[in-house]
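Positions are given from 1, in the same order as the sequence printed here. What you see below is based on every heavy atom in this structure, not just the backbone, and it leaves out hydrogens, waters and symmetry mates.
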Amino acid sequence: MSHQTRRPLGITFIIGFHILNIIFWTIGQGGSVVDYDTVAQWGFVDPRETLDPVLVAVNRGIGCADVIIGVPLFIIALIGLWRMRFYGFAFTWMVLGISFYWTTIAWVKQYFILQAGVKSLPFDIGTHFMLAFVFLFSLWASWYLFKKRETFYPASGSE
């Protein structure tokens with residue numbers, strides 16, 4: 001496919017997903033590392049007083065790893081998809097894998113925290129909907145990229 005060919009609508013949706021993730025991971029996860037209480041006031045993380053102190057430390061550690069690993073991967077995926085390059089395809093599959101993983105971890109972690117009686121807030125319905133959206137969108141996007149995989153393989157002899 002010529003790189004001047006129009007970008008498919010599905011790819012545009014995936015690019016939008018990447019942009020949202022970059023914004024929310026930087027503000028929510030990165031912000032929780034820098035100033036947990038302010039980010040909690042914005043509603044990105046649970047307020048410190050509603051959690052066992054260990055969970056605050058765990059959340060900050062996860063936030064740090066997400067910013068160090070996740071945000072750069074989303075940026076590379078975004079640039080690659082925007083330019084309709086193979087590396088965008090490959091990095092998008094990486095971040096979709098992270099999206100499957102973190103949503104599943106969130107639900108499973110919540111289950112075990114509540115079962116153990118650790119001081120925490122149960123997820124509200126909005127959080128469950130957001131997690132389900134990210135999981136299902138990632139599932140759809142993985143299928144879509146597989147379906148459109150030939151779009152990202154340059155014709156022999158080009159590039």
Shared hydrophobic cluster for [X] and [Y] (ILVMFWY, side-chain gaps under 4.5 Å):
X: V67; Y: V58; value: no
X: I27; Y: L20; value: yes
X: W143; Y: M94; value: yes
X: F133; Y: V108; value: no
X: F13; Y: I79; value: yes

So do [Y] and [X] actually touch side chain to side chain, heavy atoms under 4.5 Å?
X: L121; Y: P47; answer: yes
X: D52; Y: S120; answer: no
X: F24; Y: F44; answer: yes
X: S99; Y: V134; answer: yes
X: L81; Y: F17; answer: no
X: V71; Y: D66; answer: no
X: F91; Y: I75; answer: no
X: I11; Y: L145; answer: yes

Please give me the minimum heavy-atom distance between [X] and [Y], naming the atom from each residue.
X: P8; Y: Y144; value: CB-OH, 3.2 Å
X: T104; Y: F135; value: OG1-CE1, 3.8 Å
X: V33; Y: G63; value: CG2-C, 3.7 Å
X: I69; Y: L73; value: O-CG, 3.2 Å
X: Q110; Y: P122; value: NE2-CA, 2.8 Å
X: I62; Y: Q29; value: CG2-NE2, 3.8 Å

Side-chain donor/acceptor of [X] to backbone N/O of [Y], under 3.5 Å:
X: R60; Y: S32; answer: yes
X: K119; Y: P53; answer: no
X: T92; Y: G88; answer: yes
X: T26; Y: I23; answer: no
X: R7; Y: M84; answer: no

Legend entry - R149 to F146, cation-pi by 6.0 Å centre distance and 45° axis angle: yes
Inset, instruction - Could you list the residues that satisfy ring pair (Phe, Tyr, Trp, His ring centres under 6.0 Å) with Y101, not counting sequence neighbours? - result: none
Inset, instruction - I would like to know whether H18 and V95 meet side chain to side chain contact (heavy atoms under 4.5 Å, CB included); could you show each step before the answer? - result: CA-CA 9 Å; H18 291 345; V95 296; 3.5 Å; yes
Inset, instruction - Tell me, with the steps shown, if W102 and W25 meet side chain to side chain contact (heavy atoms under 4.5 Å, CB included). - result: CA-CA 12 Å; W102 83 258; W25 282 36; 3.7 Å; yes
Inset, instruction - With rounding to the nearest 0.5 Å, note down the distance linking CG in D124 to CE in M130. - result: 9.0 Å
Legend entry - Interatomic distance, I76 atom CD1 to Y87 atom OH [nearest 0.5 angstrom]: 8.5 Å
Inset, instruction - Start with the C-alpha gap between N59 and L51, add the side-chain angles, then the distance that decides, and say whether side chain to side chain contact (heavy atoms under 4.5 Å, CB included) holds. - result: CA-CA 10 Å; N59 289 344; L51 300 175; 3.8 Å; yes
Inset, instruction - Would you please indicate yes or no on a ring centroid separation below 6.0 angstrom for W107 and Y111? - result: no
Legend entry - Test side chain to side chain contact (heavy atoms under 4.5 Å, CB included) applied to I14 and F137, step by step: CA-CA 9 Å; I14 296 169; F137 186 90; 4.2 Å; yes
